[in-house]
Structure formats: C-alpha cells, structure tokens
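In this text, all values refer to a predicted model and were calculated from it rather than measured experimentally.
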Amino acid sequence: MLVIRDGRVLLGERRGAHGAGSWALPGGHLEFGETVEECAARELLEETGMTLGGGHRGPWTSDIFPDEGRHYVTLFVIATGTSGEPVVLEPEKCTEWRWCDWDDLPVPLFPPLASLKRSGFVLEG
C-alpha cells in the first residue's frame, strides 16, 4: 500500500524473501475472505505498528518473478489516513522503514513498485 504522509511515501528495505535488498511498500497476501482494505490495515499494523484510518483502492500491477516461478497481481491501497510512526516489527522481513520523496526513491525497487513508478503513477496526498 502507498502510505502517504507530508507528500512522502513509506518504504521498507526487504530482507529474507524474494526481492531481498530492494525497497518496497508495506503489504502482503490476502487472507481467505479478507477484503483488500482489511488486508491493507492488517499488514500495515503487523509490519509497522501503524493504524490505517483512511484510504481507497488505487492502481494495480502485474509482475512476473521468473527466478521464483511466481506471478503476482498487486492491488495498491492509497493510505492517506494513518496514525503512529513506523517501527520494524518483522526484522526477519524488513531492515528499516523510511519516508521517501516519490521523485527520489531509493534503488533497487521491488518489482511491483518499480512497475507502478514506470506506469507514470503520480503520488497524491
């Protein structure tokens, strides 16, 4: 999800899984019966300790991870209403959280985020 605050987006450096060393947005897989918004709120809380108070569905990307034999469709939630400060709650999955300017993101980017950036998506909020 795109967690936006003061015109910046929250990114974490991945570790331990596919995409290790790349920068990604908070998020994860839908659980059975869960809505996209419920997933976004749960993942944000689990990964950062932050709470989602408002947001809406955004764009999506389709990315193939050939080395892992996986194909992901990422459904982005635009989260403009969050509270709290990000804390690394899953150190086996993320080394740090950082607020970044959309026009100056760290590299390398996790493939779904790189696809979103290439699409010309403009950060709002």
Legend entry - Any donor-acceptor pair under 3.5 Å from Lys93 side chain to Val88 backbone: no

Legend entry - Backbone N/O of Ile4 and side chain of Trp99: donor-acceptor pair under 3.5 Å: no

Inset, instruction - Spell out, yes or no, whether Val36 and Ile78 are grouped together once hydrophobic residues are joined by side-chain heavy atoms under 4.5 Å, including indirect joins. - result: no

Inset, instruction - Find out if a path of hydrophobic residues (ILVMFWY) with successive side-chain heavy-atom gaps under 4.5 Å connects Leu123 to Trp23. - result: yes

Legend entry - Arg14 charged N/C atom sitting above Phe110 aromatic ring, 6.0 Å / 45°: yes

Legend entry - Same apolar cluster: Phe121 and Val3, side chain cutoff 4.5 Å: no

Legend entry - hydrophobic_cluster_shared for Leu52 and Leu75, side chain cutoff 4.5 Å: yes

Inset, instruction - Answer yes when Glu13 and Arg98 have at least one side-chain N-carboxylate O distance shorter than 4.0 Å, and no when they do not. - result: no

Inset, instruction - State whether the side chain of Glu47 and the backbone N or O of Gly27 hold a donor-acceptor pair below 3.5 Å, judged by distance alone. - result: yes

Inset, instruction - Locate the shortest heavy-atom distance separating Leu11 from Pro106; write the atom from each residue and the value. - result: CD1-CD, 3.7 Å

Inset, instruction - Could you tell me whether a side-chain N or O of Ser22 sits under 3.5 Å from a main-chain N or O of Gly19, the two making a donor and an acceptor? - result: yes

Legend entry - Co-membership, hydrophobic cluster, residues Leu116 and Met1, 4.5 Å side-chain: no

Legend entry - Side-chain heavy atoms of Thr61 within contact of Val73, under 4.5 Å: no

Legend entry - Results of ring-ring contact (aromatic ring centres under 6.0 Å, His included) for His71 - residues two or more places apart only: none

Legend entry - Side-chain cluster (under 4.5 Å, hydrophobic types only) that Val122 belongs to, other residues: none

Legend entry - salt bridge (Lys or Arg N to Asp or Glu O under 4.0 Å) partners of Glu38, counting only residues at least two apart: none

Legend entry - Backbone N/O of Pro91 and side chain of Arg15: donor-acceptor pair under 3.5 Å: yes

Inset, instruction - Hey, can you tell me if His29 and Tyr72 have their rings parallel, tilted or perpendicular (30° and 60° cut-offs)? - result: tilted

